[in-house]
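These notes are about the structure you will find just below.
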Amino acid sequence: MLDIKLLRNDINAVAEQLARRGFELDVDKFQALEDKRKILQTATQDLQNQRNTRSKAIGQAKAKGEDIQPLLAEVADLGDQLKAAEQKLSELQAEIDSIVMGIPNLLDESVPEGNSEDDNVEISKWGEPTQFDFEPKDHVDLGLSHGWMDFEAASKLTGSRFVVMRDGMARLHRALIQFMLDTHTAEHGYKEVYVPYMVNEESLLGTGQLPKFAEDLFKLEGGQKGEQNYYLIPTAEVPVTNLVRGEIVPGDDLPMKYTAHTPCFRSEAGSYGRDTRGLIRQHQFEKVELLHFVKPDDSMQALENLTRHAEIILEKLELPYRKVILCAGDTGFSASKTYDLEVWLPGQDTYREISSCSNMKDFQARRMQARFRNEAGKPALLHTLNGSGLAVGRTLVAVVENYQQADGSIRIPQALQAYMGGLEDLTI
RNA sequence: GGAGAAGUGGCCGAGAGGCCGAAGGCGCUCCCCUGCUAAGGGAGUACAUGGUUUAUCCCGUGUCGAGGGUUCGAAUCCCUCCUUCUCCGCCA
């Protein structure tokens, strides 16, 4: 959520900024609503003031034993007026809120212009695309031929875009998770957290998945109390970031760095026909997430650090990758600046996204009222960041494809061997 | 799942229709006193938001778990929900 004051004072500059990412802000509509709000709110508060003053007078008169009937007559219709005014104001406020909640974050100055992923800019490259002296297969062929991946079984159990993994592949998948968590906690200073995989609506509003992107989520029916409906998390970003929702943390506690492994559930609405083959785009996948809560001045540096922590996983696994900065049109709703890490996939003969690291600045914090006590002792919004470190399913794909041998076996990266009981190869 | 109890500022805790944004204590900040230590005295100390503009000040409004209701007036009374605790049951 953007600062409402910024919208009131400098809406044209905001609109101009948002146009960079292709978002059109209806300036006239917003200002018309704001003008109405100002008048209505002043009037309402004036009525409230009258009510309070007169009620107080009644109380004092009563205490002195005076006759309060004349006073009561004076306030007779005040209540109805007030109720009507409050009603109108809250309707108007709701309308303004829904507009404001639908406005994306302002982009950082360093974000390049552009409309789509084709305009993203490569920042750096690590390693070279893996060379083979045979025709490399993609992970689906490799997985199927050994019975390691079973998409048919998964579709029987559930449906399309799920997988069953068996034997060494299932273990390799698990090993990756342990390896990533251990690296981030032992070497990068993160605290590990375990969080719910279902969250309520407030949490999704806080991180920005709602109200705009409901169709991307799995919403649960039944089994929950009251009228509250739960959602499956689309990323650990939601539960972990919401840990600070409504909190005022001591300034000395910042920066806070958390890592969490969770499954992620995405409906992938609107992506029909894309990446239907294999593990690239599943309804359920595992991810190890990195999150920072920092003071505003530190967030740009924190984004560099966080991205670097994700890069190190790829380097330890010796997987060639490149780092790109997302252009204005490709940067996500809540993000101010995003780096994607793209790993080399021989099966697709291209780089594919494996991590996305973003600085949300105060956008999520404002929605969540996540604050810290600054030097002056006053509460101030903190900054939130998150990134994948890494997407486990896609990392598995990268390992399988880059480490494949001519005979169809998979070499196990050095860094993972300890997590595989010393195993050096996955063979049939 | 059943029975009961409770949610008040950074923390503890009083408050039971009006004089309550809220006693008192702890903590924190500033000042005074004190040779050091320990102790003592004084002042200040919630958040959001409107007027209102970078900010301060001032005035107003809202907030005592959340949302409704009763009332001229609600932390206080009523209803619904959420959460926590205790006991019982069930369970990985």
Side-chain angles (χ1 to χ4, degrees), chain A residues 1-14 31 33-97 100-101 194-206 220 222-231 239 242-254 296 362 365-382:
Chain A
M1 189 164 78
L2 298 182
D3 187 352
I4 188 78
K5 282 181 184 149
L6 192 63
L7 287 166
R8 283 176 192 154
N9 297 336
D10 210 1
I11 190 163
N12 287 313
V14 172
Q31 279 186 324
L33 288 171
E34 260 297 309
D35 290 344
K36 261 167 83 181
R37 189 222 95 230
K38 203 180 275 191
I39 293 165
L40 207 53
Q41 181 164 349
T42 314
T44 305
Q45 292 187 348
D46 189 52
L47 286 170
Q48 285 170 330
N49 187 12
Q50 283 184 48
R51 178 202 60 196
N52 291 345
T53 329
R54 295 191 184 193
S55 293
K56 202 166 263 185
I58 290 172
Q60 283 163 356
K62 211 172 173 185
K64 284 188 230 159
E66 295 168 6
D67 181 16
I68 59 169
Q69 281 311 314
L71 290 168
L72 282 178
E74 266 184 63
V75 291
D77 61 338
L78 202 63
D80 290 339
Q81 280 183 50
L82 185 57
K83 199 169 273 186
E86 282 174 341
Q87 172 77 21
K88 266 166 75 181
L89 181 61
S90 82
E91 281 168 16
L92 186 62
Q93 195 61 57
E95 194 176 348
I96 292 172
D97 287 348
V100 173
M101 286 295 268
Y194 170 84
V195 291
Y197 301 157
M198 301 178 199
V199 291
N200 57 33
E201 205 162 283
E202 287 76 55
S203 293
L204 289 156
L205 284 167
L220 299 169
Q224 60 274 6
K225 296 180 185 173
E227 293 174 22
Q228 178 84 59
N229 285 310
Y230 295 158
Y231 294 79
N242 275 279
L243 285 174
V244 289
R245 169 154 55 92
E247 302 286 331
I248 301 174
V249 303
D252 292 343
D253 287 4
L254 300 179
D362 61 10
R366 185 172 294 106
R367 290 175 164 234
M368 294 189 299
Q369 285 302 300
R371 292 169 292 175
F372 72 102
R373 225 166 261 287
N374 64 18
E375 289 71 14
K378 290 290 168 194
L381 294 173
L382 47 77

Nearest to the [X] side chain among [options], which nucleotide is it?
X	options	result
A:Gln45	B:G62, B:G10, B:G60	B:G60
A:Arg373	B:A48, B:G10, B:U61	B:G10
A:Gln48	B:G18, B:G51, B:U61	B:U61
A:Gln41	B:U49, B:G60, B:C72	B:U49
A:Ile58	B:U49, B:C72, B:G62	B:C72

Sugar-phosphate, base or nothing in reach of A:Pro379, heavy atoms under 4.0 Å: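 Contact class for A:Pro379: sugar-phosphate only.
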Side-chain N or O of [X] closer than 4.0 Å to phosphate OP1/OP2 of [N]:
X	N	value
A:Asn52	B:G73	no
A:Lys378	B:C28	no
A:Asn9	B:U54	yes
A:Asn49	B:U61	yes

Who pairs with [N] - Watson-Crick or G-U, where each distance is under 3.5 Å:
N	result
B:G9	none
B:C28	B:G44
B:A38	none
B:U76	none
B:C85	B:G4
B:C33	none
B:C58	B:G51
B:A23	none

Starting from [atom2] on [N], measure out to [atom1] on [X] and report it in whole angstrom.
X	N	atom1	atom2	value
A:Glu86	B:U61	CD	P	12 Å
A:Asn374	B:U29	CG	C1'	14 Å
A:Tyr230	B:C81	OH	P	14 Å
A:Asp252	B:G10	CG	P	17 Å
A:Asn200	B:C81	CG	P	18 Å
A:Lys38	B:G60	NZ	C1'	16 Å
A:Arg371	B:U49	CZ	P	9 Å
A:Ile248	B:C11	CD1	P	9 Å

Looking only at atom [atom1], what distance separates [N] and [M], rounded to whole Å?
N	M	atom1	result
B:C79	B:U61	P	30 Å
B:A3	B:C90	C1'	16 Å
B:U86	B:U29	P	36 Å
B:G62	B:C19	P	13 Å
B:U63	B:A75	P	7 Å
B:G4	B:U8	P	22 Å
B:G10	B:U83	P	23 Å
B:A16	B:U76	C1'	5 Å

Donor-acceptor under 3.5 Å (A:Asn200 side chain, A:Ser203 main chain):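 Yes, because the side chain of A:Asn200 sits within donor-acceptor range (under 3.5 Å) of the backbone of A:Ser203.
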Donor-acceptor under 3.5 Å (A:Asn374 side chain, A:Lys378 main chain):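 Yes, the answer is positive, given that a donor and an acceptor are paired below the 3.5 Å cut-off.
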Any A:Val75 side-chain heavy atom under 4.5 Å of A:Leu71 side chain: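 Not touching, per the 4.5 Å side-chain cut-off.
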Close side-chain approach of A:Tyr194 and A:Pro239, heavy atoms under 4.5 Å: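 Side chain of A:Tyr194 against side chain of A:Pro239, heavy atoms only: no contact under 4.5 Å found.
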Residues A:Met101, A:Arg367; criterion side chain to side chain contact (heavy atoms under 4.5 Å, CB included); working and verdict: CA-CA 8 Å; A:Met101 286 295 268; A:Arg367 290 175 164 234; 3.6 Å; yes
Residue mapping more 5' on RNA chain B - nearest nucleotide basis, A:Lys5 or A:Leu72: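 Nearest-nucleotide comparison on RNA chain B picks A:Lys5.
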Most 5' of A:Arg51 and A:Gly59 on RNA chain B, judged by nearest nucleotide: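 That would be A:Gly59.
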Side-chain-base donor-acceptor pair under 3.5 Å for A:Lys56 and B:G18: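 Donor-acceptor pair under 3.5 Å: no.
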Least distance between heavy atoms, A:Ala365 atom then A:Leu382 atom: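 Minimum heavy-atom contact is CB-O, 3.1 Å.
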Ionic contact status for A:Lys88 with A:Glu91, cut-off 4.0 Å: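 No, A:Glu91 and A:Lys88 are not salt-bridged.
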Worked check of side chain to side chain contact (heavy atoms under 4.5 Å, CB included) between A:Leu2 and A:Val100: CA-CA 7 Å; A:Leu2 298 182; A:Val100 173; 5.5 Å; no
